[in-house]
Amino acid sequence: MSSQTRRDFLKHTTAAAATLTAGCTTLPPAARLAKRGPLIVSTWGFGKPANELALNVLQGGGSALDAVEQGVRLVESSGNSSVGLSGLPNAAGVVQLDACIMNGPGHQAGSVAGVEGVLHPISAARLVMEKTPHVMLVGPGAHWFAKQNGLEVRDGQADVASYRAWLAKQKKPAPGKGDKPENHDTIALLILDADGNIAGGCSTSGWSGKVPGRVGDSPIIGGGVYVDNEVGAAGATGLGENVMRYCASYQVVENMRHGMSPTEACAEAIRRIARTDPQGMDLAINFIAINKRGEFGAAGTQANFPYSVTTPDFSEVRKGKSLSEAKQKEGGNE
Ligand code: GLY
């Protein structure tokens, strides 16, 4: 099927799907949502400037997808220590990046994994979604594709200086085994626009000192990010191995479909994983979520997991519900 035919197909099937109700959730019409204005939620405190840029993009007439891309790009080029080319190198001293993007209308997705030398993997992910019939490109193919499509790339970008600096800080570097899993952060950014459409994306350099070729949860649809335009969206940060084995962002969205608030949906996904996983609550995972009604929330195994929330009325860093200490002040708006 050509990409055009495929897009037409998606358009028609989406229009048909939009006439159905979403499980047991009763959703307000888009006209009511428009009064609430856009909502932007992202992981960590460093997501706040990304949210604010995304809001500017929306207010300037850009789409939710444009806003996700621009917000994540800001973090990718901000010198962040675990997002973009300034991020954490693998055991061979090379930064390998993961990213994905999803658009609610049409249920479209694109991702890149283990890509080297691409300044903006989120843009590469969007191009995969929009210019190919595929969903995911990896490694050298993803680099080639980004270059062919005019994205800024650096060839042969092993950053020996950064790697040595990182290595010097390690107590016992164990090549191929990685170091502490909690030492990396991911930008995941979710948007509900004024028309009631949802988009999301994420980007990371992943686990520092990882085995070359290791791919985390961030480029996995339903792992690092999941968007369902009838229900809501979720994004993850933390140890990808503990997210991707459980399709955890998908779980969060399904929890919302069945009536849970965003905060409770995140918390229940973590509890469910902890019930199954030999590590129990020692998972190093955190989630953010938004729903179609403009509610938001977050939960994590990290105490006081910070996440950023922006609307036309306010922009602030909040604390997610902590699954490790029951008495932490909860985030969210419910
Ligand atoms: N959550 C990012 C990663 O584990 O790669």
Side-chain angles (χ1 to χ4, degrees), residues 3 6-7 10 14 38-43 47 50-51 53-55 57-58 62-77 80 83-84 87 97-115 118-138 141-143 145-146 149-152 186-193 197-206 215-229 232-237 240 243-244 247-250 252-253 287-290:
S3 59
R6 183 173 173 273
R7 273 193 291 276
L10 287 171
T14 303
L39 165 69
I40 304 149
V41 177
S42 62
T43 49
N51 288 4
L53 175 61
L55 181 63
V57 170
L58 291 169
S63 66
L65 204 58
D66 296 334
V68 167
E69 182 184 7
Q70 293 306 318
V72 173
R73 279 176 69 102
L74 183 72
V75 183
E76 287 175 338
S77 53
N80 188 289
V83 179
L97 301 172
D98 296 338
C100 80
I101 197 162
M102 274 194 90
N103 196 24
H107 206 73
Q108 300 165 306
S111 83
V112 291
V115 65
V118 174
L119 263 70
H120 291 296
I122 191 71
S123 297
R126 181 173 178 176
L127 284 164
V128 172
M129 181 176 85
E130 293 184 335
K131 304 261 187 226
T132 80
H134 311 308
V135 170
M136 176 183 257
L137 297 180
V138 303
H143 177 101
F145 173 79
N149 280 278
L151 293 184
E152 198 175 341
T186 300
I187 178 71
L189 191 148
L190 312 173
I191 294 181
L192 172 71
D193 73 15
N197 288 316
I198 303 171
C202 68
S203 183
T204 189
S205 59
V215 169
D217 60 315
S218 300
I220 307 299
I221 305 303
V225 161
Y226 193 69
V227 174
D228 184 321
N229 213 43
T237 181
V243 173
M244 63 206 288
C247 304
S249 289
Y250 177 77
V252 173
V253 172
F287 297 94
I288 56 171
I290 61 175

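The residues of the chain are indexed from 1 along the displayed sequence. No experiment lies behind these values; they were computed from the predicted model shown.
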What closest approach, in Å, do [X] and [Y] show between heavy atoms, and which atom pair accounts for it?
{"X": "Val243", "Y": "Ala236", "value": "CG1-CB, 3.9 Å"}
{"X": "Pro38", "Y": "Leu58", "value": "CB-CD1, 3.6 Å"}
{"X": "Pro219", "Y": "Met136", "value": "O-CE, 3.3 Å"}
{"X": "Asn229", "Y": "Asn197", "value": "ND2-OD1, 2.9 Å"}
{"X": "Ile288", "Y": "Val41", "value": "CD1-O, 3.7 Å"}
{"X": "Ser42", "Y": "Asn51", "value": "OG-OD1, 2.8 Å"}

[X] side, atom [atom1]; [Y] side, atom [atom2] - distance, nearest 0.5 Å:
{"X": "Cys247", "Y": "Ile220", "atom1": "SG", "atom2": "CD1", "answer": "9.5 Å"}
{"X": "Met129", "Y": "Ile101", "atom1": "CE", "atom2": "CD1", "answer": "5.5 Å"}
{"X": "Gln70", "Y": "Ser63", "atom1": "CD", "atom2": "OG", "answer": "9.5 Å"}
{"X": "Ile198", "Y": "Leu192", "atom1": "CD1", "atom2": "CG", "answer": "5.5 Å"}
{"X": "Gln108", "Y": "Ile221", "atom1": "CD", "atom2": "CD1", "answer": "11.5 Å"}
{"X": "Ile290", "Y": "Ile191", "atom1": "CD1", "atom2": "CD1", "answer": "8.0 Å"}

side-chain hydrogen bond (donor to acceptor under 3.5 Å, both in side chains) partners of Thr204, counting only residues at least two apart:
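Scan of Thr204 (side-chain hydrogen bond (donor to acceptor under 3.5 Å, both in side chains), adjacent residues dropped) gives Thr186.
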* Mind checking what makes side-chain hydrogen bond (donor to acceptor under 3.5 Å, both in side chains) contact with Thr237, not counting sequence neighbours? ->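 In terms of side-chain hydrogen bond (donor to acceptor under 3.5 Å, both in side chains), with neighbours along the sequence ignored, Thr237 is linked to Trp44.
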Would a 4.5 Å heavy-atom cut-off, applied to side chains only, mark [X] and [Y] as touching?
{"X": "Ser203", "Y": "Ser218", "answer": "no"}
{"X": "Val138", "Y": "Val215", "answer": "no"}
{"X": "Leu119", "Y": "Leu151", "answer": "no"}

**Item:** Member of Leu190, Val135, Val227 meeting the side-chain contact (heavy atoms from CB on, under 4.5 Å) criterion with Met102
**Value:**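 That would be Val227.
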Can any side-chain N or O of [X] pair as donor or acceptor with the backbone N or O of [Y] at less than 3.5 Å?
{"X": "Asn149", "Y": "Phe145", "result": "yes"}
{"X": "Asp98", "Y": "Gly216", "result": "yes"}
{"X": "Thr43", "Y": "Ala188", "result": "yes"}
{"X": "Ser205", "Y": "Gly87", "result": "no"}
{"X": "Glu76", "Y": "Ile122", "result": "yes"}

Exercise. Applying salt bridge (Lys or Arg N to Asp or Glu O under 4.0 Å), run through Arg126 and Asp66 and close with a yes or a no.
Key: CA-CA 9 Å; Arg126 181 173 178 176; Asp66 296 334; 2.8 Å; yes
